[in-house]
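Some notes on the structure that comes next.
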Amino acid sequence: MSTLKSFIKNTLVYGIAAVLPKAINVFLVALHTKILPSTADFNINTEYYVWAAYFNVLLTFGMETTFFKFFNSEKDKTQVLNTTFTMVGLVALLLLTPLFFLADTIAPVLEFSETNHFRILIITALLDTLVVIPFAYLRVKNKALNYAVFKILNITIYAILNLLFLWYIPTHGNESSLNWFHTTSKVGYIFLANLIASALIFALLLPMFLKFKIQLNTTLLKRMLSYSWPILIAGIAYITNENLDKLILPRYLNKSIAGAYAGTYKLGVFMSLFITAFKLGAEPFFFNIAKQKNAKATYALILEWFTILGALIVLFIVAYIDFFAGLLLKQPEYFETLAIVPVILLANLLLGIYNNLSVWYKNTGQTRYAMYFSVLGGILTVLGLVTMVPILGYMGAAWVTFVVYAIMMVTSYTYGQKHYKTPYNITKIGGLFLLISALSFTSFYFFRGNFLINTGFILFTLGLIYYSEQKFIKQRLFNR
C-alpha cells in the first residue's frame, strides 16, 4: 500500500474512532435526560465526568504525547515503551490506592452524592489509565483498525449497558436483578456501565501487557518528564476551560439549575462533532503542505471556509432550537436554560477558529505557546466564573466561556501574525461572525419557533455566502 493510501486509510479509521463515540453520546444524552428523575441527577452525572476528565489528565501527565515523540526519535524503542508504561502505571497506583481507601473522607469534600460513586470513579480511572500506553502503542505501530475497534467497542458496550440498566431491566420488571449493586439513584448505573466497559477493554488488552516489562530508565525518564510537564499544565488548563463551570454552578446555584445547564450545554455537541471531524482531516493536511509555496494562502482559505460552515451550523441549530432541544432534552425542566445555546455555539465556533490558528506555532515549532494560551484561558475562566456566576447565574458561566475563547483566539492570532504572518481575511471572517451572532440572537429572542422567518434567515445567509464566494464555488465545484 502506498504512503498516501495508508495515510488516507488511517485518517479515515481514526476519524471514525473519534467521531462515532461523540455521535453515540448524543443518543445517550437523550436517554439520560429522559430516564434520570431530575435535572439534579443529571448534575450528579455531569460532575462525575468532570472529575473523571481531571483524573485522566493528571494520571497520564502528558506521557501519551511524550511517548509518541520519544518512540519516533529514540533508537531503543523498547526502553521508551517500558519506561512510559511503568511510570504511568506506577503513578496511577500510588495516587489512586490511597484515594480508594480514604473514599469515606474525600468523597464528601468533592461533594459526591455517594461514596460508592467515588470508588467506582477511582477504579475506572485506574483501568483507563493503564490502557493509555497500550492504545498509544497501537497508534504508533500504525494499527489503526485495532485501535478503532477497541475504542468503538468501549463506547458500544457502555451504551448497551446504559440501555440495559436504565431502560430494559426496569421496564421489564426485573429491577430486583440489580439489587447486588448498591446505589440510591439511577445515575449510579451510568457509572457502573462505564466501569464494566472499561474493565472489559482492559481484559481484551491484557495480552498486549505481556509485551511490556516493568522497567524504568531514569536517564530517559528525566528527559521525558521535562517534555511532558508543559503538556500536563496545558491539559489541566484545557479541562478547566471546558468543564469548571459545571463544578462552579452547583456551588453558587441549586443543583437542579446546574443540571439543566449541563444538559442544555450538550446541544453544543453538534458543533463539537463538526470541529472534531474538521480537525481530523485538516490537521495532518496542514503539516503535509507546510513546505509548499502557497501554504499560508491555503491556511487562510481553510479558515475562511471553516468559519462559513461553522457559522451555518450555529444558525441552523438556533433557528430550529426547539427541534434539536426536543431530540436531546426529554424533560421540560431543561428548557429553562436554553438561552445559553446561542452563546455556547458561538463560543465553540471561536474555539474552532482558535484550533485552526494553531497552525502557526505547530509549523514554527513553538508549541509552548499552546500551554501559554491554555493557561491564560484557565486563569480567566476561574476568575470569570467566581466573578460572573454570583451576578448573572448560569448565563454568566456561558458568557465567560464565550469571552475566554474569544481572548484566546485573538491572542493566538496576534502572536501568530508576528511569528508566521498568514493572509487571513479578517474582515470577511469577522463580518460573518458578527452577522451570524446578530441573526442567532434575533432568531432566539424574537422569532423562536417561527419556522418561516428562521428559514428566511438561513436562506438569506446562504445567498449572501454564495454571492461572496461564487467565484470560488464555480471554480471548485462546477469547474467553471
Side-chain angles (χ1 to χ4, degrees), residues 9-22 24-25 28 49 52-53 55-72 77-97 99-100 119-162 164 190-217 221 224 228 231 235 280:
K9 175 194 169 187
N10 287 350
T11 300
L12 179 63
V13 172
Y14 285 131
I16 293 171
V19 173
L20 188 59
K22 287 181 180 289
I24 292 175
N25 271 319
L28 289 176
Y49 284 104
F55 272 120
N56 176 261
V57 171
L58 289 168
L59 295 172
T60 55
F61 53 98
M63 289 301 280
E64 181 182 20
T65 303
T66 304
F67 171 75
F68 291 131
K69 160 72 175 172
F70 280 78
F71 193 89
N72 286 310
K77 301 186 187 306
T78 303
Q79 285 277 6
V80 174
L81 176 62
N82 292 336
T83 297
T84 312
F85 176 73
T86 302
M87 188 62 187
V88 169
L90 191 62
V91 168
L93 285 168
L94 289 175
L95 289 179
L96 293 179
T97 301
L99 292 180
F100 182 86
R119 286 202 171 98
I120 289 175
L121 173 60
I122 295 300
I123 299 170
T124 306
L126 177 61
L127 293 171
D128 288 345
T129 303
L130 290 175
V131 300
V132 164
I133 302 307
F135 270 126
Y137 183 69
L138 287 175
R139 291 178 63 187
V140 84
K141 297 297 286 185
N142 290 321
K143 295 184 178 180
L145 189 60
N146 301 58
Y147 173 88
V149 166
F150 284 122
K151 284 290 184 181
I152 292 170
L153 186 61
N154 182 288
I155 189 66
T156 303
I157 293 169
Y158 173 64
I160 291 172
L161 290 175
N162 268 266
L164 187 67
I190 299 174
F191 310 148
L192 176 63
N194 193 3
L195 173 60
I196 293 172
S198 294
L200 289 174
I201 296 302
F202 177 82
L204 290 172
L205 287 171
L206 270 178
M208 281 187 65
F209 285 65
L210 300 176
K211 298 178 181 179
F212 308 151
K213 291 182 180 178
I214 307 301
Q215 183 181 50
L216 278 177
N217 182 320
L221 181 61
M224 295 180 81
S228 70
I231 301 171
L280 286 165

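Because only heavy atoms are used, hydrogens play no part in the values below, and waters and symmetry mates are left out as well, while side chains stay in. Every value quoted in this text rests on a predicted model; they were computed, and no experiment measured them.
Contact of the N194 side chain with the Y49 side chain is registered, since non-hydrogen atoms from C-beta on lie closer than 4.5 Å. Side-chain atoms of L221 and L216, non-hydrogen and from C-beta on, do get closer than 4.5 Å to each other. Inter-residue side-chain proximity for F71 and K141 is flagged as met; some heavy-atom pair is nearer than 4.5 Å. Side-chain contact between L138 and F150 is present, with at least one heavy-atom pair separated by less than 4.5 Å. Contact of the L121 side chain with the F191 side chain is not registered, since no non-hydrogen atoms from C-beta on lie closer than 4.5 Å. Looking only at side-chain heavy atoms (C-beta outward), L96 and L59 come within less than 4.5 Å of each other. Between I214 and N82, the closest side-chain pair of non-hydrogen atoms is not below 4.5 Å. At a threshold of 4.5 Å between non-hydrogen side-chain atoms, the residues K143 and Y137 do not count as touching.
Summarising the geometry, atom CD1 belonging to I201 is positioned 9.0 Å from atom NZ belonging to K151; distances are rounded to the nearest 0.5 Å. Of the inter-residue distances, the one linking N25 atom CG with Y158 atom OH reads 6.5 Å to the nearest 0.5 angstrom. The structure places CD1 of I155 at 8.5 Å from CG of L20, a figure rounded to the nearest 0.5 Å. The CD1 atom of I24 sits 7.5 Å away from atom CD1 of I152, with the distance rounded to the nearest 0.5 Å. One distance of note links CD1 of I123 with CG of D128; it measures 12.0 Å at 0.5 Å rounding. With values rounded to the nearest 0.5 angstrom, M208 atom CE is found 9.0 Å from F135 atom CZ.
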> For V91 and L58, what are the C-alpha separation, side-chain angles and deciding distance, and is it a side-chain contact (heavy atoms from CB on, under 4.5 Å)?
Replying inline: CA-CA 10 Å; V91 168; L58 289 168; over 6 Å; no
>> Test side-chain contact (heavy atoms from CB on, under 4.5 Å) on T124 and L127; report intermediate values, then the result.
In response: CA-CA 5 Å; T124 306; L127 293 171; 5.7 Å; no
> Can you check side-chain contact (heavy atoms from CB on, under 4.5 Å) on I190 and N162, steps first, answer last?
Replying inline: CA-CA 6 Å; I190 299 174; N162 268 266; 3.6 Å; yes
>> Using side-chain contact (heavy atoms from CB on, under 4.5 Å), reason through I196 and L200 one step at a time and then give a plain yes or no.
In response: CA-CA 6 Å; I196 293 172; L200 289 174; 4.0 Å; yes
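For the residue pair M224 and V80, the shortest heavy atom distance occurs at CE-CG1, 4.2 Å. Pairing each heavy atom of K213 with each of T86, the nearest pair is O-OG1, 3.3 Å. Contact record, M63 with I133: O-CD1, 4.4 Å, taken as the closest heavy-atom pair. Nearest heavy-atom pair, S228 versus T66, reported as atom, atom and distance to 0.1 Å: CB-OG1, 3.1 Å. A pairwise comparison of heavy atoms in V57 and G235 identifies CG1-C, 3.6 Å as the closest pair. Heavy atoms only, all atoms of each residue included: A92 and L126 are closest at CB-CD1, 3.8 Å.
T83 and N217 share no donor-acceptor pair across their side chains, judged by distance under 3.5 Å alone.
The aromatic rings of F85 and F209 sit perpendicular, their planes meeting at an angle over 60°, well past the 30° parallel limit.
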